[in-house]
Amino acid sequence: MEHIAELGAIVTDFNITEQCIDCMCGKELIKIDKHSRDIIYKQTVFEKEGLSRKLISDDKQIFVYDFCTLYVLNQKNYELLGKWQLGNDLSSDICGIAVDDDTIFCSIRNGKIITLDRQSYLLKEFVVSESSMWSIKIYDNYMICGTVDGELLLLDKTAFSIEKRLVLGKKNIGSLYIDGETIYVASHDGRLFKIDIKSFEIESLTKNAHKKMFHCAGVYGDMLVTVSFPCSEITLWNKDTLEKTREINTPLKLSGCIHIENDFMYICSRNILGIDRIKLNE
């Protein structure tokens, strides 16, 4: 483990671009040069510190959700482009987020999707399911959602009608990762799935992947990487068969974020003051 960003506080989430790392720390967004590791820009964005807010980013904008509030910021200078309160309490908070070139998609507790047009900022609301969706991903003209009730849904991302439905169990489908025509799924019952998106059928399944909640972090070569922050486990699996190939034991705590780029895995967690990275080809 190599420490690459000393910030003196917990990083709640981050994203990596070609040159920089954008991360949330306390009330601030901080831009770090990935190569020199210097802080090149930071700005106070949030009124309070918080450990639950999450971000995603593209090459133009950063999208942050915190409880019921959605923030959209300029990726280069952190200018606040808009701020919307999409809900009011724990029955209407934001559970997950995805974006494409035209639209921001927010899943709202108890099965709603709210969309926000990236040009006009027009809001639309759709009722999709009776169950909350904590992980949502864009695939071509579709959205794939994992529900708390253990279902995987394929939605038309315009009308939000359910095109296909796959029952994977009875517990929360907490993490999704798309690799080409395959989606990897982490269930809170400890099972790891490989699913063909076109047929929407299970191709491989591993039980007891981790003893506690885990996430599908990404793909490295021919391996899928999963992480269980409560178990302090990072595991590499053959991405075709889901056979375990390697395990990395490193101190982690409760929650965090991982990004894989080239031969490196960048990681933040509740026990790390900043961002660490692990070289995967050693």
Side-chain angles (χ1 to χ4, degrees), residues 12-15 17 22-24 27-29 31 43-48 50 52-149 151-165 173 175-178 183 197 257:
T12 55
D13 208 348
F14 67 96
N15 189 68
T17 64
D22 296 293
C23 60
M24 293 188 296
K27 301 177 184 179
E28 296 179 321
L29 274 174
K31 191 180 293 289
Q43 183 163 309
T44 299
V45 174
F46 311 105
E47 295 178 1
K48 299 178 180 179
S52 62
R53 60 178 65 107
K54 295 292 183 181
L55 73 75
I56 61 173
S57 176
D58 61 16
D59 59 353
K60 295 181 180 179
Q61 295 176 335
I62 293 173
F63 312 89
V64 177
Y65 65 96
D66 182 15
F67 189 45
C68 296
T69 305
L70 171 68
Y71 301 80
V72 179
L73 304 106
N74 184 293
Q75 199 275 337
K76 291 183 179 179
N77 60 14
Y78 299 160
E79 175 192 2
L80 182 64
L81 303 176
K83 179 181 175 181
W84 295 266
Q85 185 171 333
L86 302 184
N88 300 299
D89 53 34
L90 279 174
S91 69
S92 57
D93 59 327
I94 303 169
C95 299
I97 188 171
V99 298
D100 63 15
D101 290 340
D102 303 311
T103 309
I104 307 166
F105 305 87
C106 296
S107 65
I108 307 299
R109 194 183 294 265
N110 298 325
K112 292 181 180 179
I113 297 283
I114 291 179
T115 65
L116 182 68
D117 186 279
R118 293 181 65 172
Q119 296 298 321
S120 68
Y121 297 122
L122 176 67
L123 288 167
K124 294 182 180 180
E125 183 177 300
F126 303 86
V127 177
V128 173
S129 169
E130 295 180 355
S131 178
S132 301
M133 298 169 287
W134 289 93
S135 188
I136 60 175
K137 299 293 181 183
I138 301 296
Y139 171 77
D140 197 14
N141 294 320
Y142 299 94
M143 174 172 287
I144 303 177
C145 308
T147 76
V148 169
D149 290 343
E151 290 186 323
L152 192 68
L153 306 177
L154 182 73
L155 310 176
D156 177 285
K157 73 174 183 180
T158 302
F160 290 94
S161 56
I162 298 176
E163 302 293 309
K164 295 182 180 181
R165 184 192 307 263
I173 304 302
S175 176
L176 306 175
Y177 184 83
I178 293 177
I183 187 162
I197 296 177
C257 174

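Along the sequence shown, residues carry numbers from 1.
Of all non-hydrogen atoms in Cys257 and Phe14, the two that sit nearest each other are O-CE2, 3.6 Å. Among all heavy-atom pairs drawn from Cys95 and Met133, the shortest one is CB-O, 3.4 Å. Listed here is the closest heavy atom pair of Ser132 and Asn110: OG-N, 2.8 Å. Considering every non-hydrogen atom in both Leu176 and Lys137, the closest pair reads O-CE, 3.0 Å. Closest approach of Thr12 to Gly50, counting heavy atoms only: CG2-O, 3.4 Å.
Annotation: side chain of Asp100 is in contact with side chain of Lys157 (closest heavy-atom distance under 4.5 Å). The closest side-chain heavy-atom distance from Leu55 to Leu29 is below 4.5 Å. With contacts defined as side-chain heavy-atom distances shorter than 4.5 Å, the pair Leu123/Leu86 qualifies. Within the 4.5 Å cutoff, side-chain heavy atoms of Leu116 are placed close to those of Tyr121. Two residues are said to be in side-chain contact when any heavy atoms from C-beta on lie closer than 4.5 Å; Gln61 and Val99 fail this criterion. Between Leu73 and Val45 the shortest side-chain heavy-atom distance falls below 4.5 Å. Using a 4.5 Å heavy-atom cutoff, the side chains of Asn141 and Thr158 are not in contact. Phe126 places none of its side-chain heavy atoms less than 4.5 Å from the side chain of Phe105.
Note that NZ of Lys76 and OG1 of Thr17 are 10.5 Å apart. Values are rounded to the nearest 0.5 Å. Ser107 OG to Ile97 CD1: the interatomic distance, rounded to the nearest 0.5 Å, is 9.0 Å. The line from CG of Leu122 to OG1 of Thr103 is 10.0 Å long, rounded to the nearest 0.5 Å. With rounding to the nearest 0.5 angstrom, the CG atom of Leu155 is 9.5 Å from the CZ atom of Arg165. In this structure, Leu81 CG and Lys60 NZ are separated by 12.0 Å, a value rounded to the nearest 0.5 Å. To the nearest 0.5 Å, the span separating CD1 on Ile136 from CG on Leu153 amounts to 11.5 Å.
Arg118 places no side-chain N or O within donor-acceptor distance of the main-chain N or O of Ile104, the cut-off being under 3.5 Å. Under the 3.5 Å distance criterion, the side-chain polar atoms of Ser131 are matched with a main-chain donor or acceptor of Val148. Without hydrogens or angle criteria, Ser135 side chain to Gly146 main chain gives no donor-acceptor distance under 3.5 Å. A side-chain donor-acceptor contact under 3.5 Å links Asn74 to the backbone of Asn77.
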Report the C-alpha separation of Ile144 and Leu152 in whole Å, then their side-chain angles, then the decisive distance to 0.1 Å, and conclude whether the side-chain contact (heavy atoms from CB on, under 4.5 Å) test is met.
CA-CA 7 Å; Ile144 303 177; Leu152 192 68; 3.8 Å; yes
Evaluate side-chain contact (heavy atoms from CB on, under 4.5 Å) for Arg53 paired with Asp13, printing each intermediate quantity in order.
CA-CA 8 Å; Arg53 60 178 65 107; Asp13 208 348; over 6 Å; no
From CA spacing to verdict: side-chain contact (heavy atoms from CB on, under 4.5 Å), Ile114, Leu70:
CA-CA 11 Å; Ile114 291 179; Leu70 171 68; over 6 Å; no
For the pair Val128 and Cys145, evaluate side-chain contact (heavy atoms from CB on, under 4.5 Å) and give the outcome as yes or no after the intermediate values.
CA-CA 10 Å; Val128 173; Cys145 308; 5.7 Å; no
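Shown here is Lys54, whose NZ atom has more than 12 heavy atoms of other residues, nucleotides or ligands within 6.0 Å.
The only member of Tyr78, Phe67, Tyr71 that meets ring-ring contact (aromatic ring centres under 6.0 Å, His included) when paired with Phe46 is Tyr71. No option in Asp93, Ile108, Ile94 other than Asp93 meets the side-chain contact (heavy atoms from CB on, under 4.5 Å) test with Cys68. Looking at Asn15, Asp22, Asp58 one by one, the single match for side-chain contact (heavy atoms from CB on, under 4.5 Å) with Gln75 turns out to be Asp22.
Within the structure, salt bridge (Lys or Arg N to Asp or Glu O under 4.0 Å) pairs that include any residue of residues 123-132 comprise Lys112-Glu125 (at least two apart or interchain).
No hydrogens or angles considered: a donor-acceptor pair under 3.5 Å links the side chains of Ser91 and Asp89.
Residues forming a side chain to side chain contact (heavy atoms under 4.5 Å, CB included) with Tyr142 (at least two apart in sequence, or on another chain): Tyr139, Leu154, Glu163.
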